[in-house]
Structure formats: C-alpha cells, structure tokens
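Reviewing the structure listed below.
Both ligands and their constituent atoms are indexed starting at 1 by order of listing. Quick note: numbers below take in every heavy atom, side chains included, and nothing from hydrogens, waters or symmetry partners.
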Amino acid sequence: MSPSPILMAFESSCDDSSVALVDTARCRLIDVLTYSQDIHKLFGGVVPELASRDHLKKIPILLDKILCRNKLSINDLGYLACTYKPGLIGSLLMGLMTVKSISYFLNIRFVGVDHLYGHIFADFWDHKVGFPFIAMVISGGHSDMFLVRDYTDISRIGNTVDDAAGEILDKIAKELGLGYPGGPEVEKYAEAYQEKECLFELPVPMKNKDNYNLSFSGLKTACYLIIRDQKAKGELSGQFISKLCYSLLYTVSKAICIKARKALNELEIDKLVIGGGVMRNSIIKAHLFQNFNGTGTRLHIPGPGFCTDNAAMVGYLGMIYCQRGIFSDHTLNAFPCHEAEDLK
Ligand code: KG4
Ligand code: ZN
C-alpha cells in the first residue's frame, strides 16, 4: 500500500515554531500555523536556550491544533519534513527530534530541509519562477546569494560577511530604543518620514567589491555614530528616528540592488527571487521593484506571510524531495551553518 500523500512540515530554526500540512499528491498547501516567540522581546534579541525551551512547549501544541482543525489524526500522515540547518542548534534539534520520533513510531519517511533553500522557494505554492534564476535570502541571519538551476541544483555564490541585513535592523532598533524584532519597528518609523529627498548619507555596503558577498556591519557602525552624536545633543526625536530609519532602509535596498544587478549581468540571468524576513519590508520592496522596473529582469518577492520563517516553505521543498524519492535517514544531524553536510 502506498503511503498517505499528507506531509507534515516543521520549522524551528530560530524563534518561530511553525507546522504545516501539505497534500503531496495535489501539490497543495493545506494549512500552516506559526507561533512567534514573545519571550525574546524582554531581552531585545533571541536568547537561544529560551528559544529551544519554547519550541519544546509549543511544537506539540501546534501539531495537535493543526491536525484537529483539519480533522486529521497523526495516523493520516504519510511523510514528514523539518529544517535541519542552518540555525540555532537547540532550536533545530527540537524540530528534528520531533520528526524523528513520529517517523519512527508511525514508520513513515522524513526529509531534512535547508532553511535557506526554504526561503528561496517560500511561495512557489502560488508563484513558480522558471529555472535558472538568481536568489537572495535577506533575513536576520543571512544576506546570501544563490544560482538556482533546479530544486536540487543550487550553488551559493555570495555569502554573509559578519552582520546580516536583518541583524543590523534589530541592533539599530535596539540602539534607538525601539522594540524587538527591530525590522518592523524600523519600517513603522520610516513610513512616517516625508522628506524623502533629505536623507543621512550612509555607506552602501560592499558596493565596489568584486564579489557577490554582502556585509552590513559598516552600515551599522555609521548609524551607531549618528545616533551617538544625536544623543550627545539631547533626546532622539521622532523626526530624527524616522529620518534615520528611512535612510537605513534606502541604503539596504541599494546594497541588495547593486549585488543583484552584478550577478544578473555577469551570469546572464533575467530572473531574480529575493526571500527572507527583511523582504516583508514595504519600503525595501518598493525600491527594489522601482529599480528593476523596465530593466528586463523579472523580480519576484514572496508575499509577506511567506517571507518570515514558516513551515509552509519547508513543506514545499519537503514535497519536492518526497516526489523525487529523496529522504533522510535516522542518523541525520542538525547543523548551525549552511555549509555543513548535505542531505543524508
Ligand atoms: O527570515 P527570518 O524570519 O528569520 C531568519 O531566518 O533570520 O527573518 C527575521 C528578520 C529579523 O531580523 C526581523 O527584524 C526582520 O527579519 N524583519 C523585518 C520585517 N519583518 C521581519 N525587517 C524589515 N521589515 C520588516 N517588516
Ligand atoms: Zn529564516
């Protein structure tokens, strides 16, 4: 008897616990449920041990809830998928052990999914982009670039050097006294800024480097210095924060554009997919679409719900792997970095 076509996917690489159900026979996302951990707001950043402990509590609750609201039982599952790298090791282990345990007891197969590849194909559910294309993942932990020839033929051509884009948004927001995560706060203040022609002059990261890497630490330091000078003069006004936030987002989008254009031109590719949590940002998105408009490049950015971490993106690749007979065995480990070993 062939297995049930229902796949359950798990994402727990950082501070979001998420589960999804996929119908692998109809290539359909049935449902997705995500819980974003609140506890880290108290600390202004993710505390790894608290993240793991929260996954331990929340994953079983989400699992029960998604089965229940779709009138399914655990015995209806035919396949499983989970993120196994990169991410916080304790968080990854929570998802991986959950999947290994269910797989063992139900005697069904599972597959590990690379989180960054998940971001690339995040909303292929509704919007497929033909191969080959250039992909960028602009998230809290990564600002990477990939040449994507197929679901299983992906080369990383650009790396994150020190701070990733989302990381500096979070850190600068903290310095400005805004909440965590910083990205949405920076967006809120930037949206209120009216004088778009009057911006802080900020350094565009890596703009003259002959590679596809991105580093945002210089931009972070430049913002810190402006904030320090302003603090020395007195309180940070709402107008000052808005101007800095808008200038920062404008510069981040410029850096993304420069590197994307370089890769598209040099590799002669006309399609670009940019995913990851930072791509939820409406200002960055608008700048990117403006920049690529009329250039012959087709730019695709996933819808907001598919940019930040979620199990639907893990489910999509999990489904492709299952359809191609690619599975993991029970020795699969979790790894903090992308370059760690490939599927096993
Ligand atoms: O992809 P993601 O959920 O997790 C990682 O894989 O890192 O991205 C999280 C990052 C955080 O740095 C967060 O501040 C940022 O995405 N982010 C945003 C927005 N929403 C989340 N950045 C800018 N604008 C947003 N609306
Ligand atoms: Zn992510």
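- For a threshold of 3.5 Å applied to N or O pairs, the pair formed by G140 and ligand 1 contains at least one separation below that value.
- For ligand 1, the polar-atom distance check against G276 finds no nitrogen or oxygen pair separated by under 3.5 Å.
- A donor-acceptor contact closer than 3.5 angstrom is absent between the side chains of S237 and E235.
- Contact analysis leaves C14 out of contact with ligand 1, as no non-hydrogen atom separation drops below 4.0 angstrom.
- The closest side-chain heavy-atom distance from V148 to F121 is below 4.5 Å.
- Both tests pass for R261 against the ring of F292: distance under 6.0 Å to the centre and angle within 45° of the axis.
- Here the protein heavy atom with the shortest distance to atom 22 (N) of ligand 1 is G183 CA, 3.3 Å.
- No side-chain heavy atom of S17 sits under 4.5 Å from any side-chain heavy atom of T34.
- Put simply, H119 gets within reach of the Zn ion (ligand 2), with an N, O or S atom under 2.8 Å from it.
- In terms of protein heavy-atom proximity, atom 2 (P) of ligand 1 is closest to D309 OD1, 3.3 Å.
- A salt bridge between D31 and K65 is absent, with no side-chain N of the basic residue lying under 4.0 Å from a carboxylate O of the acidic one.
- For the pair L147 and I154, the minimum side-chain heavy-atom distance is 4.5 Å or more.
- Taking the six-membered ring for Trp and the full ring otherwise, the centers of H300 and F133 sit at least 6.0 Å from each other.
- Residue contacts with ligand 1, taken as heavy atom pairs separated by less than 4.0 Å, involve H115 solely via side-chain atoms from C-beta onward.
- Taking any N or O of E187, backbone or side chain, at least one lies under 3.5 Å from an N or O belonging to ligand 1.
- Considering G141, P184, G275 only, the shortest heavy-atom separation from atom 20 (N) of ligand 1 involves P184.
- Ring geometry, Y84 versus F335: the interplanar angle exceeds 60°, so the pair is classed perpendicular (tilted spans 30 to 60°).
- The part of D170 lying near ligand 1 is the side chain, judged by heavy-atom distances below 4.0 Å.
- Nearest protein heavy-atom contact of atom 24 (N) of ligand 1 is N281 ND2, 3.0 Å.
- For atom 21 (C) of ligand 1, the nearest protein heavy atom (residue, atom name, distance) is G277 O, 3.6 Å.
- Looking at D309, its N, O or S atom nearest to the Zn ion (ligand 2) turns out to be OD1.
- Annotation for K259 and M136: closest pair CB-CE, 4.4 Å, computed over non-hydrogen atoms.
- Where the criterion is an N or O separation shorter than 3.5 Å, residue side chain and backbone included, P181 fails it with respect to ligand 1.
- The Zn ion (ligand 2) has an N, O or S atom of H115 closer than 2.8 Å.
- Within the structure, the closest approach of H119 to ligand 1 falls below 4.0 Å when heavy atoms are considered.
- Residue F200 forms a ring-ring contact (aromatic ring centres under 6.0 Å, His included) with just one option from F240, Y193, Y246, and that option is F240.
- Using modelled atom types and a 3.5 Å distance limit, the side chains of S215 and D162 yield a donor-acceptor pair.
- Under 4.0 Å from ligand 1, not a single heavy atom of I284 appears.
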